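First the structure, in the form of structure tokens, and then the observations on it.
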Amino acid sequence: MNILLTGGTGYIASHTAVVLSSLGYKVFLYDNLSNSKRQVVTQIKKITGSAVTFIKGDIRDSDRIVRLLKRKKIEAVIHFAGLKAVGHSVDRPIDYFDNNVAGTVSLVRAMNLANVKTMVFSSSATVYGNPTYLPLDEIHPKLAVNPYGRTKLHIEELLQDVSDADAEWNISCLRYFNPIGAHESGFIGEEPSDRPNNLMPYLVQVALGDLPYLRVFGGDYPTPDGTGIRDYVHVMDIADGHVAALDFLSKNGGWHALNLGTGSGCSVFELVRIFEETNQCQISAKVVERRPGDVAESYACVEKAYTKLGWRAKRTIPDMCYSAWHFRKNRVV
Ligand code: NAD
Ligand code: WQD
């Protein structure tokens, strides 16, 4: 089966490409390289031993995508391409809506024209906003609290309308919680180009000595140790979730939203402790003010993904910590 991955050289797409390629899917990576590097393609080949095709391009170039879908006989699209920095989205909402929302309109238009009507979309737990109850299930109110989150919500709604209008469409919106970690080979992983905003890449840079200490955002949350709790999920489990979603869509039409998480929360202090134990290193950490917009606690109800997709996250927090560190250490030697 021929699959197009938009945002194909990015963090989550590259891990998904490895899994798909190993299973015999023919994988085409489409990316404008705004937040990733072409070398990822070589790294994927090192892992899988088989070539994936890379095409440099933007999802807003509808005509190009129509030609690509037809020429490469694409049967399904996994739509990862998007801008994802919450803070930037507050400063640059127009860029975020143009890239993410207008980009998806352009992609869906192209897919319609090429009669390719199966899509798995990278959504986010951010669509829920501040939890009104936990665990977050898929019917929890959608109260996204920043422009990035609202782009994900608008895209989900657009895709639902597209599916309502044309029963031939099959769409899964996968709401990832906090993907971290890397492929076990250490050849691919998360590589933020700027100073990282997210916890794991920041932690790794502190471990490397590139940053002096971890700022723990808030030590007075109503959680057992006072630090924020999140549902960290291994990026390879997330990758497996996409295969399960493609399989599901081959048998089920319509629009579906599904959480991808582990169903368990882990605090900042717990993650730091497990990282230190697993990787035999010391992390300096200082508790500072809460980060604006953060919630105390967020974790997924994962029953729907299990019932519908037969998917559950298998890997542990030590697996996530080990692989994230192994990847970054490999990059500096
Ligand atoms: P990433 O930045 O590593 O990957 C996104 C890729 O999309 C990049 O390679 C970038 O160059 C490309 N891209 C961006 N705009 C494009 C455009 N207009 N045309 C073509 N390519 C474009 O991010 P990621 O962490 O791999 O995230 C993938 C998707 O998952 C994103 O849509 C993100 O919003 C979503 N998501 C990520 C997380 C997370 O914590 N990483 C959580 C929930 C959802
Ligand atoms: C995790 C925990 C922080 C950095 C974000 C996006 C979300 C989704 C995933 C895309 C929190 C604490 C962090 C640091 C810290 N992405 N922290 N020091 O905020 O749950 O989610 O990424 O869809 O939309 O908002 O993830 O990794 O930034 O933070 O103490 O330097 O770590 O306060 O409790 P978050 P994160």
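Just so you know, ligand 1 is whichever comes first in the structure, and atom 1 is the first atom listed for that ligand. Everything quoted here is computed from the prediction, not taken from an experiment. Counting from 1, the numbers follow the sequence of the chain as shown.
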May I ask you to list the atoms of ligand 1 that are less than 4.0 angstrom from any heavy atom of [X]?
X: Ser122; value: 29 (C), 30 (O), 32 (O), 35 (C)
X: Ser123; value: 43 (C), 44 (C)
X: Leu33; value: 11 (O)

Inset, instruction - Test Tyr128 against Arg175 for side chain to side chain donor-acceptor pair (under 3.5 Å), laying out the working first. - result: CA-CA 10 Å; Tyr128 298 120; Arg175 296 178 183 153; 2.9 Å; yes
Got an N/O contact under 3.5 Å between [X] and ligand 2?
X: Asp294; value: yes
X: Phe217; value: yes
X: Ile229; value: no
X: Tyr202; value: no

Regarding ligand 1, does [X] bring an N or O atom to under 3.5 Å of one of the ligand's N or O atoms?
X: Leu83; result: no
X: Ser124; result: no
X: Tyr30; result: no

Can you tell me which residue and heavy atom of the protein come closest to [atom], and the distance to 0.1 Å?
atom: atom 20 (O) of ligand 2; result: Arg230 NE, 2.6 Å
atom: atom 12 (C) of ligand 2; result: Val268 CG2, 3.7 Å
atom: atom 4 (O) of ligand 1; result: Gly10 CA, 3.4 Å
atom: atom 11 (O) of ligand 1; result: Asp31 OD1, 2.6 Å
atom: atom 2 (O) of ligand 1; result: Asn35 ND2, 2.7 Å
atom: atom 5 (C) of ligand 1; result: Gly82 O, 3.9 Å
atom: atom 18 (N) of ligand 1; result: Asn99 OD1, 2.9 Å
atom: atom 13 (N) of ligand 1; result: Asn32 OD1, 3.5 Å
atom: atom 19 (N) of ligand 1; result: Ile59 N, 3.0 Å
atom: atom 26 (O) of ligand 2; result: Asn178 ND2, 3.1 Å
atom: atom 27 (O) of ligand 1; result: Ile12 CD1, 3.9 Å

Answer yes or no for [X]: is there a heavy-atom contact with ligand 1 below 4.0 Å?
X: Asn178; value: no
X: Ser34; value: yes
X: Ala125; value: no

Donor-acceptor side-chain pairing of [X] and [Y] below 3.5 angstrom:
X: Tyr176; Y: Ser122; result: yes
X: Tyr221; Y: Asp225; result: no
X: His140; Y: Thr132; result: yes

Inset, instruction - Measure the distances from the heavy atoms of Arg215 to every atom of ligand 2 and state whether one is below 4.0 angstrom. - result: yes
Inspect the contact between [Y] and [X] and indicate whether a charged nitrogen and a carboxylate oxygen are less than 4.0 angstrom apart.
X: Asp240; Y: Lys314; value: yes
X: Arg312; Y: Asp237; value: no
X: Asp220; Y: Arg290; value: yes

Legend entry - Option of least heavy-atom distance to atom 23 (O) of ligand 2 (set: Tyr232, Tyr128, Tyr148): Tyr148
Legend entry - Best match, Ala144, Gly87, Ser124: closest heavy atom to atom 8 (C) of ligand 2: Ser124
Inset, instruction - Using the six-membered ring of Phe28, assess whether NZ or CZ of Lys72 lies under 6.0 Å from its centre and within 45 degrees of the ring axis. - result: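 Lys72 over Phe28 ring: no.
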Inset, instruction - Start with the C-alpha gap between Thr6 and His79, add the side-chain angles, then the distance that decides, and say whether side chain to side chain donor-acceptor pair (under 3.5 Å) holds. - result: CA-CA 5 Å; Thr6 71; His79 178 28; 2.7 Å; yes
Inset, instruction - Give the contacting part of Arg60 toward ligand 1: side chain, backbone, both or neither, where contact means a heavy-atom distance below 4.0 Å. - result: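 For Arg60, only side-chain atoms sit under 4.0 Å from ligand 1.
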Inset, instruction - With heavy atoms under 4.0 Å as the rule, classify the contact between Lys152 and ligand 1 as side chain, backbone, both or neither. - result: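 The answer is the side chain.
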Legend entry - Atom pair NZ/CG of Lys73 and Leu4 - distance to nearest 0.5 Å: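 Atom-to-atom, Lys73:NZ and Leu4:CG are 15.0 Å apart.
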Inset, instruction - To the nearest 0.5 angstrom, please state how far the CG atom of Leu113 sits from the OG atom of Ser62. - result: 6.5 Å
Legend entry - Closest non-hydrogen atom pair, Ser323 against His234: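 For Ser323 and His234, the tightest heavy-atom pair comes out as OG-NE2, 3.3 Å.
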